[in-house]
J.: 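Structure below; questions to follow.
First listed ligand is number 1; within each ligand, the first listed atom is number 1.
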Amino acid sequence: KVLLYNMTPEQQVYVDKWTKAHPEDTLVTTTADLDATTVEQAAGYDVVSVLQVADIDDEAVYQKLTAYGINQIALRSVGYNIINWEFAHKYNLLVTNTPAYSPRAVAENTLTSAMYLLRKWGQIFKNEKEDLNFVREESLMSDEIYHQTVGIIGVGRIGTATAEIFHALGARVIGYDVVENPANEAFLEYTDFETVIKEADILSLHTPFDPSMQDMIAAEQFKQMKNTAVIINAARGPLINTSALIEALQNHEIAGAALDVMTGEEAIVMKKFSRLSELPQDYQELAKMPNVVFTPHSAYYTKTAVKNMIEQSMTDVKRVLNGQKPIYPVEQ
Ligand code: NAD
């Protein structure tokens with residue numbers, strides 16, 4: 001018996017398919033986040049499953065889950081930074097995730113972001129839609145992908161898929177990772193962090209996030225970057241210091257940014273607004289810039305990914321309940 005929090009209609013389709021294929025399982029869904037106000041809904045279940053941006057920071061959540069006899073939180077995400085590990089360990093809760101639901105989805109979104117920025121579509125759309133200006137201005141002149149150096153920080157599943165795509169298009173791809181995988185050298189040249197920052201025309205972040213990685217890209221890195229370079233973050237918001245990013249863009253230290261994630265995104269993702277002034281101040285600043293594009297934490301959001309999220313998380317739920325080792329335990 002599993003309670004799946006954060007349910008959406010498109011995930012529900014695959015939950016229903018799972019239940020049809022596995023009639024012995026009871027999957028109950030709620031649109032709520034898992035937090036101290038909703039944890040009581042989990043009483044009577046064997047496992048909870050979660051896919052949310054809000055941190056689960058309240059000790060009462062972990063304490064109550066254990067009291068209900070639950071010993072697994074099945075994340076339907078790659079990232080696991082929403083878990084408070086001190087409490088997860090204290091209450092002996094196993095956490096599983098879905099690390100391979102679709103690296104390709106995020107990698108393709110990165111390519112889309114890079115091409116959008118490179119071909120200056122933000123400025124083109126602004127000229128056309130706001131100013132009815134269809135002039136091929138000199139400032140719209142672009143470059144071609146095979147003349148670009150793509151720098152990847154974090155060459156894991158998504159970083160690798162991204163590197164392969166850009167390499168296939170003829171770009172030079174350089175990367176930095178704390179662990180180097182020789183198999184990746186067929187399409188990527190490993191180097192150090194600073195060299196990636198300095199040499200990349202397209203800088204793309206694909207590391208996980210933990211508090212030690214806060215502000216990995218801040219004022220110093222923006223000053224080191226080429227002023228023609230663009231940055232893409234589809235990893236986790238706090239890897240980039242937002243104030244430093246705004247300053248770097250205002251001072252033309254870099255040429256653009258594509259942000260699928262950003263610190264404070266909980267305040268805007270999955271919400272609708274009627275006026276720009278309703279957005280948090282840093283979003284307002286960035287929204288004014290045609291060389292900045294936001295996507296609502298949707299880099300992963302493909303049919304393949306949503307299907308795999310449900311199937312992979314439920315597979316590990318069943319394995320654990322059957323006394324087998326999970327395929328994707330998160331060790332912290
Ligand atoms: P992964 O674990 O396969 O790869 C992460 C890589 O980062 C690893 O190779 C690791 O060694 C490296 N790394 C860790 N710390 C580092 C550091 N300080 N410097 C350089 N490299 C470091 O994970 P993945 O599947 O490639 O996903 C990466 C991240 O992307 C996830 O943790 C998640 O936060 C994010 N993500 C975002 C979306 C989205 O929709 N925007 C979707 C999925 C994943």
J.: Would Ile158 count as being in polar contact with ligand 1, using the rule that some N or O on each side must be under 3.5 angstrom apart?
T.: yes
J.: Could you identify the single nearest non-hydrogen protein atom to atom 4 (O) of ligand 1 and state the distance to 0.1 Å?
T.: Gly156 CA, 3.2 Å
J.: Decide, yes or no, whether a salt bridge links Glu220 with Lys223 under the criterion of side-chain N to carboxylate O below 4.0 Å.
T.: no
J.: Strictly under 4.0 Å, does any heavy atom of Tyr101 approach an atom of ligand 1?
T.: yes
J.: Enumerate donor-acceptor pairs with a distance under 3.5 Å from any side-chain N or O in residues 83-90 to protein atoms, sequence neighbours excluded.
T.:
{"from": "Asn84", "atom 1": "OD1", "to": "Glu86", "atom 2": "N", "distance (Å)": "3.1"}
{"from": "Asn84", "atom 1": "OD1", "to": "Phe87", "atom 2": "N", "distance (Å)": "3.1"}
{"from": "Asn84", "atom 1": "ND2", "to": "Asp57", "atom 2": "OD1", "distance (Å)": "3.4"}
{"from": "His89", "atom 1": "ND1", "to": "Trp85", "atom 2": "O", "distance (Å)": "3.1"}
{"from": "His89", "atom 1": "NE2", "to": "Gln332", "atom 2": "O", "distance (Å)": "3.1"}
{"from": "Lys90", "atom 1": "NZ", "to": "Glu59", "atom 2": "OE2", "distance (Å)": "2.6"}

J.: Check whether any heavy atom of Tyr176 sits under 4.0 Å from an atom of ligand 1.
T.: yes
J.: Any nitrogen or oxygen of Ser298, side chain or backbone, less than 3.5 Å from one on ligand 1?
T.: no
J.: Show which atoms of ligand 1 fall inside a sub-4.0 Å distance from at least one heavy-atom site of His297.
T.: 39 (C), 40 (O), 41 (N)
J.: Can you check side chain to side chain donor-acceptor pair (under 3.5 Å) on Gln284 and Ser277, steps first, answer last?
T.: CA-CA 7 Å; Gln284 288 186 41; Ser277 59; 5.8 Å; no
J.: Counting heavy atoms only, name the option from Pro103, Ala234, Gly154, Ser212 that's nearest to atom 38 (C) of ligand 1.
T.: Ala234
J.: Please list, in number order, the atoms of ligand 1 under 4.0 Å from a heavy atom of Asp260.
T.: 39 (C), 40 (O), 41 (N)
J.: Nearest non-hydrogen contact with atom 29 (C) of ligand 1 belongs to which option: Val78, Asn181, Thr207?
T.: Thr207
J.: For Tyr45, is the NZ or CZ atom of Lys1 found under 6.0 angstrom from the centre of its six-membered ring and inside 45 degrees of the ring axis?
T.: yes
J.: Partners of Glu199 by salt bridge (charged side-chain N to carboxylate O under 4.0 Å, His left out), sequence neighbours excluded?
T.: Arg172
